[in-house]
Amino acid sequence: MAFRPLHDRVLVRRIEEDQKTAGGIIIPDTAKEKPQQGEVVACGSGARGDDNEIIPLDVKAGDRILFGKWSGSEVKIDGEELLIMKESDILGIID
């Protein structure tokens with residue numbers, strides 16, 4: 001299924017973090033927090049400004065991003081769990 005977000009929404013795939021701490025302790029699945037890093041899969045065309053002009057998004061497909069803990073809505077597309085969020089929920093781009 002092809003999916004394209006609308007307006008200022010972004011489709012994000014979570015990036016799993018390490019399963020061990022710096023000291024070598026393995027973290028069980030029940031104690032892990034959901035990752036707050038992701039990769040942009042697809043972007044909408046942009047938001048409309050007060051003058052009805054489209055303001056393009058600052059992120060693009062392939063960017064690694066950092067987002068808030070409770071950001072976005074979880075969806076399942078083609079068996080893969082993804083997030084749909086507004087661009088304003090994105091905290092920054094990781095270089």
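Computed from a predicted structure; not experimentally measured.
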**Q** Using distance alone, with no hydrogens and no angle criterion, decide if Arg64 and Gln37 have a side-chain donor and acceptor under 3.5 Å apart.
**A**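 Short answer, yes.
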**Q** Assess whether side-chain contact (heavy atoms from CB on, under 4.5 Å) is satisfied between Leu11 and Ile77, documenting all intermediate values.
**A** CA-CA 11 Å; Leu11 186 65; Ile77 299 175; 4.2 Å; yes
**Q** From Cys43 SG over to His7 NE2, what is the distance, rounded to the nearest 0.5 angstrom?
**A**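 With rounding to 0.5 Å, SG (Cys43) is 14.5 Å from NE2 (His7).
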**Q** Report the distance from atom CD1 of Ile55 to atom CG of Asp8, rounding to the nearest 0.5 Å.
**A**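 Spacing of CD1 (Ile55) from CG (Asp8) equals 9.5 Å.
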**Q** So how far is it from Met85 CE to Ile65 CD1, rounded to the nearest 0.5 Å?
**A**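 The CD1 atom of Ile65 is 5.0 Å from CE of Met85, to the nearest 0.5 Å.
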**Q** Might you point out which heavy atoms bring Arg9 and Pro5 nearest each other, and give the distance in Å?
**A**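 Minimum heavy-atom separation between Arg9 and Pro5: O-CB, 3.4 Å.
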**Q** Answer yes or no: is there a donor N or O on one side and an acceptor on the other, between the side chain of Asp51 and the main chain of Glu53, under 3.5 Å?
**A**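 Here the side-chain-to-backbone pair exists.
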**Q** Find out if a path of hydrophobic residues (ILVMFWY) with successive side-chain heavy-atom gaps under 4.5 Å connects Val75 to Phe3.
**A**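 Yes; tracing contacts between hydrophobic side chains, which count when under 4.5 Å, links both residues.
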**Q** Quick one: are Asp89 and Phe67 in side-chain contact, heavy atoms under 4.5 Å?
**A**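 Result no, sub-4.5 Å side-chain heavy-atom pair not found.
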**Q** CG of Leu82 to CD1 of Ile84: how many Å apart, nearest 0.5 Å?
**A**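 Atom-to-atom, Leu82:CG and Ile84:CD1 are 8.0 Å apart.
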**Q** Check step by step if side-chain contact (heavy atoms from CB on, under 4.5 Å) holds for Asp58 and Glu87.
**A** CA-CA 8 Å; Asp58 290 330; Glu87 184 188 33; 3.4 Å; yes
**Q** For the side chain of Glu74 and the backbone of Glu81, is there at least one donor-acceptor N/O pair under 3.5 Å apart?
**A**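 It does not hold such a pair.
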**Q** In Å and rounded to the nearest 0.5 Å, what is the CG to OG distance from Leu57 to Ser45?
**A**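 The CG atom of Leu57 sits 7.5 Å away from the OG atom of Ser45.
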**Q** Flag the pair Lys60 and Asp63 as a salt bridge only when some basic side-chain nitrogen lies within less than 4.0 angstrom of an acidic carboxylate oxygen.
**A**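 Salt bridge between Lys60 and Asp63, a charged N being under 4.0 Å from a carboxylate O: yes.
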**Q** Drop me the distance from Leu83's CG to Arg14's CZ, to the nearest 0.5 angstrom.
**A**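 So the gap between those two atoms works out to 4.5 Å.
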**Q** Please examine the side chains of Arg48 and Ile54, heavy atoms only from C-beta on, and report whether any two atoms are closer than 4.5 Å.
**A**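 Yes, at least one pair of side-chain atoms sits under 4.5 Å.
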**Q** Decide yes or no for Val41 and Val10: does some side-chain heavy atom of the first lie under 4.5 Å from some side-chain heavy atom of the second?
**A**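 A side-chain contact is absent here, since even the closest heavy-atom pair is not under 4.5 Å.
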